[in-house]
Amino acid sequence: MDPLPQQSTQPSPQRDLVFCHVCENEYYRDEHGLTCPECQSDFTEIIEPEHDPRSDRMADDEDEEEPSFLQLPRQNPFHDHRPWRETPDPDDGDIGQIRWTQTGPGNFSVTGTIYRTYSPSPRRGNEAGNDTHDPQHPIINSFATMLQSIVGNNLGAGLGSGQRQSQGEQTQTQGGQQSPGTSPNSAQTQGGPRIQDIPGGHRFTYHQTARLVPRDANHPHAHLEPVDDLNNVLASLFGALGDHPGQRTPGTQPGQPGQPPQMNPLAALFAAVLNPDLAHHGDFVYTQEALDRIISQLMEQNATGNAPGPATAEAIAALPKKKVSVEMLGPDGRAECSICMDEVNVGDEVTELPCHHWFHQQCVGMWLGEHDTCPHCRKGIMDRSKHDENTTSTLQGAASDSSGPSNRSVPSPNPTPQIPGSFGTVESGTAEDHFLVPETREQQREHEQQAEQPSPNDQQSSSPATTEASGGSISERIRRGLFGAPR
Amino acid sequence: MAASRKRILKEYGECMNDTPSGMKINFDEQNITEWEILMDGPDQSLYAGGHFKLRLTFPTEYPFKPPVVSFKTKIYHPNVSNDDKGSMCLGMLRPEAWKPPNKVISVLHLIQTLLIEPNPDDSIEPTIANEYKDNRKEFEKTAKDWVKRYAK
């Protein structure tokens with residue numbers, strides 16, 4: 001039985017291959033007919049691509065026979081897996097430099113090199129200066145540069161830019177040309193895969209070393225996965241980034257502008273991922289700009305949430321009323337409510353806020369019902385400590401609060417900013433710090449009393465926060481949180 | 001709302017008495033909450049020579065809510081959104097920054113000021129704002145180009 005040359009034979013359409021189920025011989029039907037020449041058995045079968053009795057049998061016989069060297073490949077489920085069956089082999093000239101080296105007793109190293117030339121897209125063949133119209137090109141370039149820094153200089157020139165070639169490849173560029181047969185010198189191929197720019201495109205050099213170790217047929221061997229080194233993986237990646245060789249338009253000379261750039265899908269994917277203009281994926285962003293966009297979007301969605309909260313109805317009702325006096329009129333002897341722009345006359349009743357700005361009761365009431373700020377200067381009408389107590393009492397239940405309403409209804413002579421959730425960066429004192437654990441009511445009263453006494457210090461420190469109500473707005477808080485305290 | 005209607009009419013009168021230079025307000029008696037504003041690009045700005053159509057919309061809650069400004073004419077500006085809305089939202093026009101005493105006439109002045117000097121730090125189009133800051137030449141070129149293309 002000499003199955004060696006036949007084991008690997010695939011059934012060909014011209015000649016029927018016959019398999020003997022008794023002795024597992026394989027032979028051509030046109031040579032020996034349907035009777036096995038080895039054992040004269042007629043338990044034979046013609047091997048067809050759809051039904052190969054050999055593999056069935058091997059599965060069945062696994063336990064009966066000790067695997068032999070020649071049968072081992074069959075047990076590999078991928079022994080017939082040839083996804084590149086339809087792909088034409090590289091040109092003969094592309095394969096070169098197969099060298100056998102004895103590395104030890106019985107050990108051999110086989111080194112082979114395959115050159116493959118990828119055709120360029122017109123875009124990539126352009127001069128670097130012509131590429132400005134294509135935003136994706138520099139991205140791929142920088143990606144190539146990044147990979148280059150990972151693997152060292154083995155990758156040689158990156159995609160596209162013909163100006164980044166190293167010296168050695170520069171000379172090679174001349175020799176490479178379009179014909180794959182003129183192979184680079186061996187010194188170049190030693191270093192693993194190379195990508196060169198040649199006038200017609202990029203040449204990728206795959207450099208693979210196989211390790212051959214003598215088999216011990218009597219003992220099982222550990223399965224050795226073929227290991228591809230990183231350089232080869234990257235070279236394949238760059239190969240994939242290039243256009244398919246078949247896509248080259250005949251007659252198109254590299255460097256000719258005007259050809260619509262056709263993106264390889266993989267290259268397009270990378271370009272899309274790395275393009276700063278598209279630097280966000282859902283809620284995930286890569287750039288400051290995209291982050292800003294999302295933040296402003298959030299702020300717009302919460303436009304009303306930015307504003308200070310409303311003043312309570314009691315506080316609004318408790319604002320002092322006063323008659324318009326002559327002093328309140330402007331220099332031209334006229335005055336108007338700045339909300340409705342209606343003129344007011346001496347003797348009309350208006351509502352005065354703690355900041356001494358005055359409006360029609362109805363006008364300012366509508367405003368305060370939504371924002372606890374003076375329409376002019378944005379000072380709140382409710383005292384901060386009262387407000388704290390307010391919220392606390394709401395939490396604790398109204399029953400425990402006896403002094404609240406009367407306290408609340410009297411506007412403090414020295415109101416502090418009434419911004420719920422404010423960080424209160426400009427104030428000092430624990431009562432202002434919303435991040436502290438809530439105080440007991442006794443402590444609160446103490447602070448209240450302190451706050452009731454107007455101190456120049458207090459006045460000073462609270463004014464910056466009150467001039468602009470943005471002190472507690474969400475936008476401000478986000479900004480502060482992200483970029484530190486405002487200047 | 002009667003109060004806001006009254007105020008809008010008053011403000012219209014005020015604007016008529018003191019229309020900012022290069023502006024024209026088309027006022028529809030039937031729908032006083034939508035003003036159409038025709039504005040010439042300020043002479044000292046990049047937008048000189050352009051004619052811009054804007055719409056000023058008063059919300060029903062006016063003056064408690066800010067009016068909404070949108071450019072109907074396409075304009076290349078860091079503070080105007082580069083879409084079909086052409087919205088402008090900054091400074092006093094922000095909902096949280098608006099206060100009732102603000103007046104339409106000051107809004108109109110704000111728009112003019114912004115055309116003369118964009119505010120890239122409060123931009124609605126960060127890309128344009130960055131170009132304004134880092135590559136002013138390119139920005140000016142595009143802005144002028146857009147004036148020629150859209151605002152003639």
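A, B, ... follow the sequence lines: proteins, then strands. Residue 1 opens every chain. Everything numeric here is computed off the predicted structure, so don't read it as measured data.
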Report task. Could you check whether the rings of His357(A) and Phe359(A) sit parallel, tilted or perpendicular, using 30° and 60° as the cut-offs? Result -> tilted
Query raised in the report: Under 3.5 Å, is there a donor-acceptor pair linking the side chains of Glu131(B) and Tyr76(B)?
Result: yes
Query raised in the report: Under the side chain to side chain contact (heavy atoms under 4.5 Å, CB included) criterion, do Leu353(A) and Lys379(A) qualify, and how do the steps go?
Result: CA-CA 9 Å; Leu353(A) 268 51; Lys379(A) 216 172 223 182; over 6 Å; no
Query raised in the report: So which part of Asn130(B) gets closer than 4.5 Å to some heavy atom of chain A, the side chain, the backbone, both or neither?
Result: side chain
Report task. Could you please state which residues from residues 11-27 of chain B sit under 4.5 angstrom from chain A, measuring non-hydrogen atom to non-hydrogen atom, sorted by number, or 'none'? Result -> Glu11(B), Glu14(B)
**Report entry** Any side-chain donor near an acceptor of the partner, Asn31(B) and Thr33(B), under 3.5 Å
**Finding:** yes
Requested in this report: Identify the residues of residues 338-348 of chain A whose heavy atoms come closer than 4.5 Å to a heavy atom of chain B, ordered by number, or report 'none'.
Outcome: Ser338(A), Ile339(A), Cys340(A), Met341(A), Asp342(A)
Query raised in the report: Salt-bridged, Lys141(B) to Asp145(B), with N to O below 4.0 Å?
Result: no
Query raised in the report: For residues Ser81(B) and Ser87(B), is any side-chain donor paired with an opposing acceptor at under 3.5 Å?
Result: yes
Query raised in the report: Which class fits the ring pair Trp146(B) and Tyr150(B): parallel under 30°, tilted 30 to 60°, perpendicular over 60°?
Result: perpendicular
**Report entry** His77(B) NE2 to Ile124(B) CD1 distance, which is reported to the nearest 0.5 Å
**Finding:** 11.5 Å
Query raised in the report: Would you call Lys53(B)-Glu36(B) a salt bridge at under 4.0 Å N-O?
Result: yes
Query - Electrostatic pair Glu336(A):Lys103(B) at N-O distance under 4.0 angstrom - result: yes
